[in-house]
Every structure is written in structure tokens, then in C-alpha cells.
Amino acid sequence: MHKSIFAALALSVGMTLSAQTNEMVIQTKKVGAEIQPTMYGLFFEDINYGADGGLYAELVKNRSFEFPQNLMGWKTFGKVSLQDDGPFERNPHYVRLADPQHAHKRTGIENEGFFGIGVKKGEEYRFSVWARLPEGEKASKIRIELVKPNTMGERHAFANAELTIDSKEWKKYQVILKPGRTEAKSVLRIFLASPNTVDLEHVSLFPVDTWKGHENGLRKDLAQALAETNPGVFRFPGGCIVEGTDLETRYDWKKSVGPVENRPLNENRWHYTFPHRFYPDYYQSYGMGFYEFFLLSEEIGAEPLPVISCGLACQFQNKDMHAHVPVGELDCYIQDALDLIEFANGDVNTTWGKLRAEMGHPAPFNLKFIGVGNEQWGPEYPEHLEPFVKAIRKAYPGMKIIGSSGPDSEGKQFDYLWPEMKRLKVDLVDEHFYRPESWFLSQGARYDNYDRKGPKVFAGEYACHGKGKKWNHFNAALLEAAFMTGLERNADIVHMATYAPLFAHVEGWQWRPDMIWFDNLNSVRTVSYYVQQLFALNKGSNTLTLTMDKKNVTGAEGQNGLFASAVWEKADNSYIVKVVNTSDKAQSIALNFSGLKKNDALTNGICIKLRSADLNKDNTIEEPSAITPQESPVNIEGHIFNAELEPHTFAVYKFTKSQK
Ligand code: AHR
């Protein structure tokens with residue numbers, strides 16, 4: 001619509017437009033590309049204690065006594081010895097608690113948990129342990145306590161229970177603890193309560209009330225936060241941990257399935273990646289393994305997207321090619337990829353499909369996507385990727401394969417890898433950008449001229465890393481929203497986008513900013529979380545063209561710091577417009593829904609805003625709702641909506657089309 005006609009229309013509804021009004025024309029007549037169900041999703045990695053000590057609800061650290069220092073995380077007292085001929089082949093260590101031989105003496109162990117053990121008053125916690133009586137021993141009692149040692153209170157223990165160990169064979173015992181008070185940092189104490197000797201292995205404590213009630217379950221508040229982002233895709237298990245510091249420590253999915261007691265320990269590279277945030281007790285128990293990842297994907301309604309090793313260990317950490325698998329020796333890595341697809345989708349009569357069924361999920365997980373390699377680069381990456389592509393295409397022609405464009409958002413490696421990914425005909429290319437404000441402000445049009453013929457884009461890891469402010473704050477999230485309007489406008493080529501990293505423990509982080517923070521009892525959704533959520537909940541089914549002076553609104557010069565995109569939602573015939581004002585001035589905007597018929601009415605108008613007077617602020621554990629989306633009804637006269645958009649504001653406008 002011409003500006004002159006628009007002005008006349010505006011005047012006809014009794015409104016005066018200033019010269020500065022930013023008129024955005026939304027073409028309602030021509031519905032654009034379909035927005036993929038996978039468009040907005042989640043990227044999960046066990047970084048910042050995201051899995052063990054985080055989403056994985058196990059409260060005991062080093063439960064199988066397999067850390068290289070076998071008693072790390074444990075205190076022992078009395079006659080405790082470490083044994084190594086236990087019942088679980090891949091976790092052979094256990095402890096023997098021997099009779100202290102005096103009625104007043106004690107033998108036992110205490111676990112410190114992850115930054116303490118957090119428990120809530122009135123909730124139930126399932127303690128379990130594998131135990132047996134050594135040869136010649138009689139039935140023995142152990143006492144289990146939740147203890148707060150550093151207190152002036154009369155009693156240290158605030159929850160307790162007893163178990164009688166009565167079997168000479170290894171057996172799982174369990175009992176429920178119900179603490180009478182809330183403690184963020186307690187310890188779990190287990191000691192002999194009768195004069196005998198017992199063997200203990202795989203000592204575990206879980207809240208009963210986990211996400212969906214699974215016994216080997218996930219922390220409910222954290223999983224719930226994931227579900228509430230309405231994710232279309234769930235990428236796992238990383239990130240750099242896919243690759244490993246060396247191939248020995250890569251994420252080996254086959255070790256992460258089957259009975260939890262027999263899943264071996266893996267080193268977590270984030271334990272030592274940043275010497276200034278060194279966590280010597282950071283390991284991967286694989287308790288939350290590939291089965292649990294697939295199940296979670298299903299339960300939060302997201303397509304699972306596993307990423308597997310391509311035989312290249314982390315290239316940042318290994319400059320020497322000897323650290324990697326030679327291309328000619330990739331067979332077992334390729335087999336791992338094929339077996340993974342069988343694990344997810346195979347019939348229950350196949351080897352891996354059978355294991356999935358035994359673990360509780362006979363129905364296939366319906367895996368459609370697989371990533372091969374994380375942030376790999378150089379000629380060695382396409383060389384390694386090629387045989388995977390061939391083998392996967394041959395066995396599973398419908399599987400969508402995701403390749404990587406390396407760790408950089410542009411530049412030499414990026415420019416080399418994209419054509420290589422096209423040559424190999426991967427389906428999507430994973431791009432990563434942890435970049436400062438200036439980059440986000442300059443990338444509104446990034447995808448407008450991408451080649452439409454090649455692979456699609458997976459913006460697989462991104463977050464605004466503020467210059468000198470590499471932590472969560474409002475402005476960083478606002479610029480992520482600005483950038484995302486460009487993803488949305490180009491949904492014909494951008495099929496997936498996942499912010500990263502997802503989780504961080506306030507006492508255990510290595511990398512900031514992150515989407516969700518937590519401590520042992522609470523969690524907090526950052527403004528970046530709400531940005532992701534607003535896009536995902538207002539995703540729409542198809543793109544619509546939105547222009548200002550016939551140009552895309554990308555924060556370009558002369559566009560007053562505005563970024564915008566528009567979509568149509570088929571389900572309720574609504575129009576959704578996202579506008580981000582990154583400037584420090586209020587902006588008059590006019591949303592002109594062009595192409596509607598005279599008797600088409602735009603009704604049920606709502607506006608959801610994210611804003612903060614303080615650009616450096618974010619939500620915290622102490623103040624979790626400082627900045628949250630605020631929704632209000634808005635009226636539109638005719639087909640043009642006028643508003644004054646405050647400085648530094650992300651707004652989502654939604655109107656339903658109906659007949660007058
Ligand atoms: O998200 C943190 C890390 O950033 C990921 O592990 C890696 O892929 C990237 O370098």
C-alpha cells in the first residue's frame with residue numbers, strides 16, 4: 001500500500017501520524033513459506049552441571065564409587081574399605097562397611113551431593129542401594145539420614161529411615177525419606193545400625209516427584225521449564241562433549257543405555273576446560289543417557305536430534321591428527337550411527353530396538369534427524385563426514401543428516417565448509433554464533449540472500465555475548481530477539497534454531513550466558529528464555545512479507561533500530577507480528593495489514609511485551625520474575641494498528657481475522 005493512501009486511511013480513522021511513524025506493511029494476501037515444526041527448539045549439553053547435578057534428578061555424586069579418586073564426594077568413618085569385585089561389570093567398585101566392634105562406635109559414609117543435597121519439606125525422596133551380606137554375615141541394619149552438620153540446632157539429622165540387609169546376593173533395597181524441613185545443602189549419611197558387615201553399591205537418592213514420575217528421572221521444575229518453551233526440536237548431548245577431549249572421552253551413546261547401574265563413568269571436559277572455573281568433581285554418570293533424551297524429547301513434544309562423533313576429537317584441544325580416527329578406520333563409528341538409528345526406530349526384534357523395548361519403550365521414537373560431528377573444521381571434517389553420509393543414506397534414505405559449518409559465524413572455515421556441505425548434500429548445516437552486540441545488530445538480514453537451493457540452516461548454538469558483559473542481561477536477550485526476526489523471515493531456509501547453552505548451576509557454571517539458571521532448590525528463567533518462548537509460542541504456520549519502504553525490517557540504516565517479522569497462523573487464522581525496538585527512543589509504529597477485504601475484521605488484539613528500564617538486569621534466583629512478558633489487549637481500527645513502542649522493547653502483536 002502506498003504511503004499516501006495509508007496516510008489518508010489513517011486520517012480517516014481520526015489519527016494523526018507524525019513524520020517519524022514507521023509504517024510496516026504486512027502482505028496478508030500472499031502466504032509465504034511454511035514454518036517448520038522444528039523451527040524453535042532446545043540445545044542440551046552437560047555443561048554447567050546441566051545433567052549430573054542439574055536436570056538429572058540424582059542427588060548423590062559418585063554413586064558407584066567410580067570416580068578416579070573412588071571416594072571423591074564421600075566422607076568415610078569407622079571401618080570402611082573399597083572393594084572392586086562388584087556385581088556391575090563396568091562399575092566394579094563398592095564399599096564394605098565393617099562392624100566397628102564397639103556398641104558406641106560407628107562405621108559409615110556420607111555423600112556431599114552436588115554443592116550439597118537440596119531437599120524440600122514434605123516431599124518424598126527415594127533412597128536406594130544395592131547391597132549384600134558378605135560371607136558368614138547375618139542380617140544387618142543400615143541407617144540412612146539426611147543431615148545438616150553445620151547447624152546450632154539440637155539435632156543434625158532431619159530425616160531418617162532404616163533398611164535391613166538380609167541377602168547374601170546383591171539386591172536392590174529402597175526406602176522413602178520424608179524431610180521435615182527444607183534444606184539446600186544437606187548431606188546423606190549411611191551407617192551400620194547393627195554389629196555386622198555389609199557391602200554397598202550404587203547408592204542413590206532421587207525425589208519421588210520427578211518429571212512424569214520416572215524413577216531414573218529428571219528434576220521436575222527444570223523439565224517443566226523446557227516443556228513450556230513449546231520446543232520443536234531437542235538437540236543432545238552437546239556440544240563439545242560429543243567430541244571428547246580425546247576419543248576415549250567422547251560421548252559414547254552405547255555406554256549411556258541399558259541398566260543405569262552398569263553405565264560406566266565418563267570424564268566431562270567442562271571439568272577442566274576453563275582453568276579459572278575448574279571443577280575436579282565434574283563427571284558424566286550417563287544416568288541421563290540416550291534413552292532418557294529420546295523419552296524427554298517425546299514428552300516435551302520435540303523432535304529428537306542426537307549428534308554423534310564423526311571420529312574427530314575436539315579440534316580446539318587436539319592440533320595433531322593422531323588424536324583422531326583415520327578416515328579408513330571409521331567403521332565402528334559409522335556402525336554406532338546406524339545402530340543409534342536402530343535403537344530409536346528399529347523393530348523390537350532388532351538388536352537395538354529390543355534394548356529400547358526392554359528399557360520401557362517398545363514403540364519407535366520416530367527419529368528423523370541425526371547430526372554427525374559438532375564444531376568440526378578443515379578438510380578432515382568433510383573427509384570424515386562423507387562415509388557417514390553414504391552409509392546413512394544407504395541404510396536409511398529418509399533420515400535427515402546435519403553437518404557443521406565449524407565454530408565461526410563467518411570467515412575462512414565457514415566459507416570453506418558451506419560448499420563442502422552442499423557437495424555432500426547434507427540436509428541441514430549447523431551454524432554457531434556466540435557473538436557481541438554489534439554482530440547481532442548487523443545480522444538482521446543474514447539469511448535474506450542465502451542460497452535457496454542448498455541445505456537448510458540449523459542455527460544450532462547462539463547467544464549474544466555482551467562485550468565486557470558476558471553474562472545474562474536484558475539487552476543481550478533483546479538483541480537475540482532482533483536477530484530471530486531474521487530467522488523467522490527466512491523460515492523457508494532456516495528450519496531450526498536453538499539457543500545455547502541451556503542450563504547452568506549458580507555454583508557450577510563454566511559458560512555464561514545461559515537460558516535457565518538453578519540452584520539445588522530453585523530455578524530461574526532468564527529474559528533469553530522468555531525471548532525463545534515468545535517466538536516458539538507465536539511461531540505461526542507460514543511467513544508473511546513485512547516491509548518498511550519496501551525493505552525488510554532488519555535494523556538497517558534509516559530503520560530506527562527496528563527489526564520485525566510477521567507470520568500467519570492457520571489454526572486460528574491470526575496474524576502475528578514481532579517488532580523489536582533496539583533503539584533508545586520510543587518509536588511510532590503502524591502495522592498495516594494490507595490485502596484484507598473490506599469486511600475482514602481484525603479482532604482479539606493482544607500485545608505481549610518484554611521490556612526493562614535497566615538494560616543490565618535479568619531475572620535471578622532471588623528475583624525470578626523481575627522481567628517477564630506482559631500481555632495486554634489492544635484495539636485496532638480497521639486494518640492498521642498504531643502504537644508507540646517504548647525504547648529497548650520486544651513486542652509481539654496478534655490479531656485474529658474474522659468477518660464483520
Ligand atoms: O555451548 C557451549 C559450547 O560452545 C558447545 O559445547 C560447543 O559446541 C560450542 O563451542
Side-chain angles (χ1 to χ4, degrees), residues 41-52 54-55 226 233-247 249-251 253 266-277 279 282-284 288 293 305-310 312-319 370-378 381 385 402-411 413-414 417 428-436 439 457-466 470-472 476-477 480 496-505 508-517 526 528-529 532:
L42 299 166
F43 159 81
F44 180 86
E45 177 168 23
D46 190 0
I47 182 172
N48 305 321
Y49 287 80
D52 290 285
L55 181 59
L226 300 187
V233 65
F234 184 73
R235 172 182 163 199
F236 57 88
C240 290
I241 66 167
V242 168
E243 306 157 58
T245 299
D246 40 33
L247 289 167
T249 54
R250 74 187 191 280
Y251 196 106
W253 78 266
N266 194 23
E267 196 173 279
N268 189 321
R269 60 155 295 147
W270 297 110
H271 150 168
Y272 44 70
T273 299
F274 298 116
H276 61 288
R277 305 274 313 169
Y279 290 91
Y282 197 2
Y283 288 87
Q284 293 174 262
M288 184 166 75
F293 283 130
L305 165 46
V307 184
I308 48 149
S309 161
C310 66
L312 292 169
C314 174
Q315 288 166 278
F316 284 111
Q317 291 172 313
N318 299 281
K319 307 289 175 212
I370 187 163
V372 183
N374 177 45
E375 278 179 352
Q376 323 298 163
W377 66 77
Y381 178 48
L385 179 60
I402 298 173
S404 165
S405 59
D408 306 324
S409 50
E410 51 266 304
Q413 291 301 343
F414 185 91
L417 283 173
L428 291 105
V429 176
D430 181 10
E431 298 187 354
H432 293 183
F433 8 88
Y434 297 104
R435 309 286 279 125
W439 187 90
V457 173
F458 172 27
E461 291 184 31
Y462 66 94
C464 176
H465 282 198
K470 233 175 96 185
W471 49 80
N472 290 86
E480 287 153 10
M496 295 178 182
T498 55
Y499 176 98
L502 187 50
F503 286 122
H505 192 295
W509 64 269
Q510 298 85 44
W511 183 295
R512 305 187 284 188
D514 305 288
M515 203 162 109
I516 299 167
W517 286 82
T526 62
S528 290
Y529 172 96
Q532 295 297 318

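Read the numbers this way: they start at 1 and go in the same order the structure lists the ligands and their atoms.
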Trainee: Would you kindly say whether Y282 and D46 are connected by a side-chain donor-acceptor distance under 3.5 Å?
Mentor: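 Result is yes, a qualifying pair exists.
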Trainee: State whether E45 and R269 are salt-bridged, where the test is any N-O pair (Lys NZ or Arg NE/NH1/NH2 against Asp/Glu carboxylate O) under 4.0 Å.
Mentor: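 No salt bridge links E45 with R269.
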Trainee: Let's go through Q376 and S404 carefully: what are the C-alpha distance in whole Å and the side-chain angles of both, what is the deciding distance for side-chain hydrogen bond (donor to acceptor under 3.5 Å, both in side chains) to 0.1 Å, and is it a yes or a no?
Mentor: CA-CA 7 Å; Q376 323 298 163; S404 165; over 6 Å; no
Trainee: Counting C-beta onward and ignoring hydrogens, is there a side-chain heavy-atom pair between L226 and L502 closer than 4.5 Å?
Mentor: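 Contact flag for L226/L502 side chains = yes.
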Trainee: Under a 3.5 Å threshold, I'd like every N/O contact between ligand 1 and protein atoms, with atom names and distance.
Mentor:
from	atom 1	to	atom 2	distance (Å)
ligand 1	1 (O)	Y434	OH	2.7
ligand 1	1 (O)	E461	OE1	3.4
ligand 1	4 (O)	Y434	OH	3.4
ligand 1	4 (O)	E461	OE1	3.1
ligand 1	6 (O)	E45	OE1	2.5
ligand 1	6 (O)	E45	OE2	3.2
ligand 1	6 (O)	C240	N	2.8
ligand 1	8 (O)	N374	ND2	2.9
ligand 1	8 (O)	E461	OE1	3.1
ligand 1	8 (O)	E461	OE2	2.7
ligand 1	10 (O)	E375	OE1	2.8
ligand 1	10 (O)	E375	OE2	3.1

Trainee: Report the relative orientation of the aromatic rings in F236 and F293; use parallel for angles under 30°, tilted for 30 to 60°, perpendicular for over 60°.
Mentor: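 F236 and F293: parallel rings.
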Trainee: Apply side-chain hydrogen bond (donor to acceptor under 3.5 Å, both in side chains) to N374 and E243, showing your working.
Mentor: CA-CA 7 Å; N374 177 45; E243 306 157 58; 2.8 Å; yes
